Amino acid sequence: MADTLSADFVVIGSGIIGSLTARKLALAGASVLILEAGPRVTRGELVARFRNSPRRSDWMSPYPPAAWAPHPVYQPKDNGYLVQAGPYPYPAEYIRQVGGTTWHWAAHAWRNVPNDFKIRSLYGVGVDWPITYEDLEPFYQEAEEIMGVSGAPNTGSPRTKPFPMQPVTEPYAMRRIRERLEPAYPVVSNTTARNSRSYDGRPACCGNNSCQPICPIDAQYHGGLSADAAVAAGARLIPDANVYQLEHDAQGRVTAALYYDPDKASHRVTGKTFIVAANGIESPRLLLLSTSDKFPQGLANSRDMVGRHLMDHPSTSLTFDAEEALWLGRGPQSPSSINTMRDGAFRSEHAPYRLDFTNISRVDGTSKSLVAAGVYGPELEKRLRHSVAHELNVKNVLEVLPLPEHRIALSDQKDAMGIPKPQAHYSIDDYTRRGHERSQADFKRIAELMGGTNLRFSKDGDFANNQHICGTLSMGKDPATSVCDGWGRAHDHENLFLASTGVLPTSATCNSTLNGLAVALRTAQHILSAQTSTPTPAATSAPGR
């Protein structure tokens, strides 16, 4: 085993949450080590991969998994990394590299609405959070100011300070949708970590319409910027460091993280405080891997709660041809939505949802479908032009309840490093299905107001997955039903904290990144406030065992 490194804080995962947690600790003068399983890449490399890819509609094509840090990919075929146990597939895709999955996202940065924190008390479903909206509000603001979030005031989430900037310019198509749907449906600009003006040394959005898989100019915030910010603050980042086990002492305090490098040489990192900050699949996987005589079910798992309450945001959709030409594909890919069904007494009966409008060019998808159908020549041009100008899509973003049978476990299959692969147990329950059924009336009415024809609903029973992994490390007041407390500290281990969208105890209706980041920044503030020891000035080398 190689020489041991040591630091005050060892952060596992360099995504937007792990990196900005590390940055906050480093700015306070602590020594911080970040361990990232995957390689370090640059925006230029990713843009080149996207431009050169023969699979332009495959948004994961710029992010091939490293052999020593695999992640799930479903195009052109399932690579088998995330093992499906059913009964409904959970096709999560994420990225294991420096910066994590927010290299590839729509940059939605919605806050929860206040009632999302108490759905058990108000509606008799799910669970209440151990914290309130008011507890989290200043950390929402902190996260928004770091990322540069633009948004409109009518979000349903109270604010003590304004957004850092105004929304990005409304695309023509979204303006026409908003005008035609008023007053039946108020269409609002999405809250996004995307610049509408120069901010923090990055330019304003210029409408490339490739937000996914990569913003070519960094107008959109991402985890690569977070990792750079952590290093600039003084953190040490070690890429290609696939952590496969955490060690502990007789008192249950975590003492070391063991990782493999690409050659499968093992390294050991010690520290005073450990922060597991990978996503809601890789974090529980690591805890479950870290078995010992004292903790035979893995760390933080004395009550078999690690990996349970897996949640995401399933979607169904409607595609139709609008009466007027809209020409989607100019500006951000996901700029506008309808939010009237995010909260209400109906939540006791069915899932709430947002309605989101897609603004992605129809050229690629329509061309492929027409050619596959044998359409060529003048007819191809005619039909392609019509579809590209008129086709419109609206989807729902549905809440999933935290059910213990929905979980991430370890499979009996192993990856190239000999580490058990994660396994997903998932389904779509009746509560979520009833929300889908309620949304169909909205879909039909929206199509009617847009003069829609050729309505194509997504296949009945099929739910798309929005890749908003949460719930597998749920925080709560009761150790019997949660993994960590309201500060992110594992119930079973004094010096182990969890900073991940996995700690979110409910999914609500909005993308999980901002919520997970705000909780993590609150955790970091708590850790710093509770520190009594004097931090060492930098990460140091120490002899191996």
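For the numbers below, each heavy atom of this structure counts, side chains included, while hydrogens, waters and symmetry mates do not. As the structure is a prediction and not an experimental result, all values here were calculated from the model.
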Is it true that [X] and [Y] have a side-chain N and a carboxylate O under 4.0 angstrom from each other?
X: R159; Y: E144; answer: yes
X: D240; Y: R96; answer: no
X: D8; Y: K272; answer: yes
X: E494; Y: R489; answer: no
X: E399; Y: R342; answer: no

Take atom CZ in R51; do more than 12 heavy atoms of anything else shown fall under 6.0 Å from it?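 No, CZ of R51 has 12 or fewer neighbouring heavy atoms, counting only those of other groups under 6.0 Å.
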
Between [X] and [Y], do the side chains contain an N or O donor and an N or O acceptor separated by less than 3.5 Å?
X: Y199; Y: S150; answer: no
X: T273; Y: N495; answer: no
X: R111; Y: Q141; answer: yes

Show me the pairs that pass ring pair (Phe, Tyr, Trp, His ring centres under 6.0 Å) and involve residues 504-527, at least two apart or across chains. W487-H526

So if I apply the side chain to side chain donor-acceptor pair (under 3.5 Å) rule between Y94 and each of E282, Q467, H104, which one comes out positive?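 Among E282, Q467, H104, the one meeting side chain to side chain donor-acceptor pair (under 3.5 Å) with Y94 is E282.
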
Taking all heavy atoms of S210 and all of F50, pick out the closest pair and write down the distance. CB-CE2, 3.9 Å

Ignoring hydrogens and geometry, is there a side-chain-to-backbone donor-acceptor pair from S474 to G471 under 3.5 Å? yes

